[in-house]
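Lettering of chains follows the sequences in order, A, B, ..., and the numbering in each one begins at 1.
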Amino acid sequence: MSTLRSKIESVVVDAARPDLCQFQCNGALAVAKSAGRNPRELAVEIMERLSEKPMFKNIEIAGPGFLNFTLTDAYIINHASEVSVDESMGCDTAAKELRVVIDFGGPNVAKPMHVGHLRSAIIGDSLQRLFRYLGYNVISDNHLGDWGTQMGMLISELRRREPSLPYFDEFFGGEYPAEAPISIVDLELMYPEASKKCKADSELMAEAIVCTDQLQQGRPGFVALWKHFVNLSVKTLNVDFEKLDVKFDHWLGESYYMDRMSTVVDRLKKDGFAETSEGATVMHVVTEKDTKEIPPVMLVKSGGGFLYATSDIATIDYRVETFNADRICYVVDKRQGLHFEQVFRAVKKSGIAPESLMLEHVGFGTVNGADGKPYKTRDGGVMKLGDLITLVIDKAVERISEANVAADQSEEARREIAEIVGMAALKFADLQNHRLSDYVFDLEKFSSFEGKTGPYLLYSAVRIKSILRKATDAGFPVGSIAVCTSEAERNLMLELAKFEDTLIAAAADTAPNYLCDYVYDLSKVFNRFFKECHILREENETTRGSWLALVSYTLSTMETVLGLLGIQVPERM
RNA sequence: GCCCCUGUAGCUCAGUAGGAUAGAGCAACGGUUUCCUAAACUGUAGGUCGUAGGUUCGAUUCCUAUCGGGGGCACCA
């Protein structure tokens with residue numbers, strides 16, 4: 001099934017001036033230039049060719065050569081009717097060959113997640129849902145930061161605190177304890193302290209780096225300790241991801257590629273891509289065509305440790321070999337752009353990745369406070385993701401009791417609604433911005449539950465559910481879309497017809513904000529229809545049945561799009 | 001120093017192949033409730049799209065310069 005727009009002609013676009021027409025075509029203007037012809041004449045020819053089709057109510061030529069199309073109501077009704085009974089709402093969801101790896105989340109061991117991780121998690125999650133919906137073979141992977149210098153910092157910090165633990169005894173031959181030597185709370189407190197000390201004191205930093213290198217070389221006590229750290233951390237990370245309703249197919253952290261890193265580095269050396277420079281192993285990725293400086297990729301530190309780039313290269317090697325990936329999307333802070341450019345160049349140049357592999361850094365901007373600086377807590381500390389979620393949900397609870405809604409519901413049900421509403425507020429507030437732009441995170445603003453917010457959308461959807469419930473109770477059957485009695489109704493059908501185009505554009509640009517705009521526009525158009533066409537009071541059965549079908553179709557579309565944003569709709573609110 | 005991103009209404013942001021009168025939310029000032037959830041609907045006002053050139057029939061969009069803001073640039077991730 002094709003979209004209403006593309007049923008006319010593929011080059012036709014939605015109207016820029018809805019007051020003049022429903023769809024428009026600017027092709028005559030573009031073609032006229034290359035053909036050396038008058039655009040209006042060309043437009044007349046196109047119009048004559050198309051005007052025979054019965055779908056058109058009207059075709060006009062306007063301005064310098066725009067073609068303006070208006071469809072007959074019968075045609076619009078027919079399209080809406082067909083799509084409304086289609087399981088995928090007219091969208092091509094057939095399985096596609098392309099295998100897409102989406103790398104997102106990327107939390108670090110021992111560091112609680114913060115607002116930056118929020119963006120990666122919900123943008124990445126939206127993309128995985130979108131690509132899956134469109135039929136792509138998606139593999140999502142939470143690339144846990146469990147193998148970097150922060151591990152060395154933690155190990156050396158703990159050694160200073162508790163030197164007698166067996167993990168630090170090089171000659172210890174027994175079994176290491178099954179229980180972790182510290183709690184998760186201690187671990188999370190220990191990291192910021194260790195990090196601060198290392199930054200301030202180069203000797204401590206050197207010690208941390210030595211510990212990191214030794215860990216990476218497999219020193220048994222350090223590995224045992226490291227496993228404890230990872231296990232503790234993963235437990236708390238899971239709590240946050242669960243609250244966000246974000247799931248991954250894999251949790252393959254950097255450490256997973258430990259063996260592969262040395263293999264890959266050896267191969268790069270053997271094939272002449274890597275060389276030694278100032279004691280470190282590096283790979284040059286600059287080409288003759290470059291006008292800018294591209295620093296070489298650092299593969300091995302002079303002390304023997306691997307780096308961020310090494311693990312990313314090894315990871316690509318794995319994803320090509322094991323997942324047979326055609327495309328890899330990295331949903332990572334845009335400030336890491338240079339890193340990815342280097343890594344992408346390295347794998348292409350060395351042949352680790354085939355030329356056909358699409359490597360894409362899906363970058364995103366920072367989350368700022370009202371002052372335009374990165375978002376912090378009131379006392380200037382890092383806002384933890386878990387705390388942020390709590391704030392948002394508390395706000396929703398507060399608002400619900402204020403507005404005295406869902407008063408007939410149990411305490412538990414209201415709590416559940418508050419969680420859904422809070423998460424919708426949070427996710428929609430983030431996703432509606434283009435991912436690359438920095439945005440101001442204003443709790444009051446998106447918790448105000450007014451305007452272009454998640455809760456507004458939920459409210460619209462919930463009202464539809466309510467109508468459908470009442471219709472069922474009254475014994476009104478859902479018919480098929482058969483009438484178009486008002487402009488509001490026609491506009492709703494036309495808006496619904498934009499569904500597939502929106503999804504395709506969002507996927508092409510990896511831009512969930514297109515979905516946000518669409519579902520918001522749809523809600524607005526629906527709310528107008530809702531105001532003007534009183535469904536349950538309508539006495540004509542055909543009209544009422546048609547409206548119920550239209551309303552049900554709107555609900556499916558809204559729930560689907562919200563679902564692609566990771567937002568669920570409650571039954572009542 | 002080099003490179004990348006960015007500058008759109010009072011504020012926060014959209015603007016999906018160069019197209020007609022540049023959009024939305026909030027804030028401001030109005031209107032709508034015997035009516036399916038008023039967390040709604042709706043009207044008005046508000047912009048020389050940072051500035052100056054260029055390409056084009058046509059530029060917020062592409063190119064150049066310039067100013068302002070942010071970011072990145074070998075042993076952190």
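- Judged by distance alone with a 3.5 Å cut-off, no donor-acceptor contact links the side chain of Gln150(A) to the base of A77(B).
- Atom CD of Glu487(A) has 12 or fewer neighbouring heavy atoms from other residues, nucleotides or ligands inside a 6.0 Å radius.
- Dashed line: the shortest gap from a side-chain N or O of Ser302(A) to OP1 or OP2 of C75(B) is not under 4.0 Å.
- Using a 4.0 Å heavy-atom criterion, one finds that Leu29(A) contacts the bases of the nucleic acid, with or without backbone contacts as well.
- If you take CG of Asn433(A) and P of A24(B), they are 18 Å apart, rounded to a whole angstrom.
- Nearer to the 5' terminus of RNA chain B, by closest-nucleotide assignment, is the contact made by Cys21(A) (compared with the other of Cys21(A) and His339(A)).
- Across the C1' atoms, U56(B) and A17(B) are found 16 Å apart, a figure rounded to whole Å.
- Two residues are said to be in side-chain contact when any heavy atoms from C-beta on lie closer than 4.5 Å; Ile123(A) and Leu127(A) meet this criterion.
- The aromatic rings of Phe499(A) and Tyr518(A) are tilted relative to each other, their planes meeting at an angle between 30° and 60°.
- Listed candidates were G19(B), G70(B), A40(B). Nearest to the side chain of Asn527(A) is A40(B).
- Checked against a 6.0 Å centroid threshold, the rings of Tyr520(A) and Tyr456(A) count as neighbours.
- Separating the C1' atom of G50(B) from that of A28(B) is a span of 26 Å, rounded to the nearest Å.
- A gap of 31 Å separates the C1' atoms of A24(B) and C57(B), to the nearest Å.
- Straight-line distance from the CD atom of Glu293(A) to the P atom of G72(B): 17 Å, rounded to whole Å.
- When heavy atoms are screened at a 4.0 angstrom cut-off, Cys533(A) is found touching base atoms of the nucleic acid.
- Residue Leu436(A) is classed as having no contact, given no heavy-atom separation below 4.0 Å to the nucleic acid.
- Residue Gln336(A) contributes atom CD, which lies 20 Å from atom P of G70(B) at whole-angstrom precision.
- Residues Arg572(A) and Ile417(A) come closest through the heavy atom pair O-CD1, 3.4 Å.
- When the nucleotides A20(B), U12(B), A74(B) are ranked by their closest atom to the side chain of Ala16(A), A20(B) comes out on top.
- Among the atoms of the strands shown, none is found under 4.0 Å from any heavy atom of Gly337(A).
- In this structure, of C73(B), A14(B), C41(B), it is C41(B) that holds the atom nearest to the side chain of Lys531(A).
- A close approach under 4.0 Å does not occur between any side-chain nitrogen or oxygen of Arg40(A) and OP1 or OP2 of C57(B).
- Distances were taken from every side-chain heavy atom of Lys524(A) (C-beta onward) to each of C75(B), A20(B), A24(B); the shortest belongs to A24(B).
- Minimum atom distance to the side chain of Arg335(A) is reached by G72(B), of the listed A74(B), A77(B), G72(B).
- To the nearest whole angstrom, the two P atoms, one in C41(B) and one in C26(B), are 9 Å apart.
- Here the C1' atom of nucleotide G69(B) and the CG atom of Asn368(A) are 12 Å apart, to the nearest Å.
- Considering only side-chain atoms of Tyr514(A), the nucleotide from G15(B), U12(B), G19(B) that sits closest is G15(B).
- Under the 3.5 Å distance criterion, with hydrogens and angles disregarded, no donor-acceptor pair is assigned to the side chains of Tyr330(A) and Gln336(A).
- Closest-nucleotide positions on RNA chain B for His434(A) and Glu254(A) were compared, and the one nearer the 5' end corresponds to His434(A).
- Ala511(A) and His434(A) make their closest contact through CB-CE1, 4.4 Å (heavy atoms, listed as atom of the first residue, atom of the second, distance).
- A stacking contact between Tyr456(A) and A39(B) is absent: the pair does not combine a ring-centre distance of less than 5.5 Å to the base's six-membered ring with planes differing by less than 30°.
- Asn491(A) places its CG atom 11 Å from the P atom of U42(B), with the value rounded to the nearest Å.
- Across the protein-nucleic acid pair, Asp213(A) atom CG and C76(B) atom C1' stand 13 Å apart, rounded to whole Å.
- Nucleotides U48(B) and C4(B), compared at atom P, are 31 Å apart to the nearest Å.
- Leu458(A) is listed as a side-chain neighbour of Pro570(A), based on a closest heavy-atom distance under 4.5 Å.
- At a threshold of 4.0 angstrom between heavy atoms, the contacts of Asp442(A) with the nucleic acid are absent.
- Under the Watson-Crick or G-U wobble criterion, with both distances below 3.5 Å, G18(B) is left unpaired in every strand shown.
- In this structure G68(B) sits in a base pair with U6(B), meeting the Watson-Crick or G-U test at under 3.5 Å.
- Taking every side-chain heavy atom of Arg528(A) into account, U42(B) is the closest of C13(B), U42(B), U12(B).
- A donor-acceptor pair shorter than 3.5 Å cannot be found between the side chains of Asp146(A) and Tyr256(A).
- The CG-P distance, from Asp146(A) to C76(B), rounds to 18 Å in whole Å.
- If you check every strand for non-hydrogen atoms under 4.0 Å, Met573(A) touches a base.
- Each of G19(B), A74(B), A39(B) was ranked by its minimum atom distance to the side chain of Ile400(A); first place goes to A39(B).
- Phosphate contact (OP1/OP2 of G15(B), side-chain N/O of Asn513(A), threshold under 4.0 Å): present.
- Residue contacts for Ile535(A): at a heavy-atom cut-off of 4.0 Å it reaches a base atom on one of the strands shown.
- Nucleotide C73(B) forms a pair with G1(B), judged by Watson-Crick or G-U wobble geometry with both contacts under 3.5 Å.
- Residue Glu450(A) places its side chain closer to A40(B) than to any other of A40(B), U16(B), C75(B).
- Using N1 to N3 plus N6-O4 or O6-N4 for Watson-Crick, or N1-O2 and O6-N3 for G-U wobble, each under 3.5 Å, G53(B) pairs with C63(B).
- Look at C11(B): its Watson-Crick or wobble partner, with both distances under 3.5 angstrom, is G25(B).
- Atom CG in Leu503(A) sits roughly 13 Å away from atom C1' in U16(B) (whole-Å rounding).
- Between A40(B) and A27(B), the two P atoms lie 11 Å apart (nearest whole Å).
- Under the Watson-Crick and G-U wobble criteria, each requiring two contacts below 3.5 Å, nucleotide U34(B) is left unpaired.
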field: Steps toward salt bridge (charged side-chain N to carboxylate O under 4.0 Å, His left out) verdict (Arg5(A), Glu500(A))
entry: CA-CA 10 Å; Arg5(A) 178 192 61 75; Glu500(A) 184 181 13; over 6 Å; no
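- Using a 90° window around 0 for the glycosidic torsion, A27(B) falls outside it and is classed as anti.
- Close to C76(B), at under 4.0 Å from its OP1 or OP2, lies a side-chain N or O of Lys301(A).
- Minimum atom distance to the side chain of Arg399(A) is reached by A39(B), of the listed A14(B), A39(B), G25(B).
- Spacing of C1' atoms, A74(B) relative to C13(B), comes out at 38 Å, to the nearest Å.
- Straight-line distance between the C1' atoms of A9(B) and U60(B): roughly 14 Å, to the nearest whole Å.
- Nucleic acid contact class of Gln432(A) (heavy atoms, under 4.0 Å, all strands): none.
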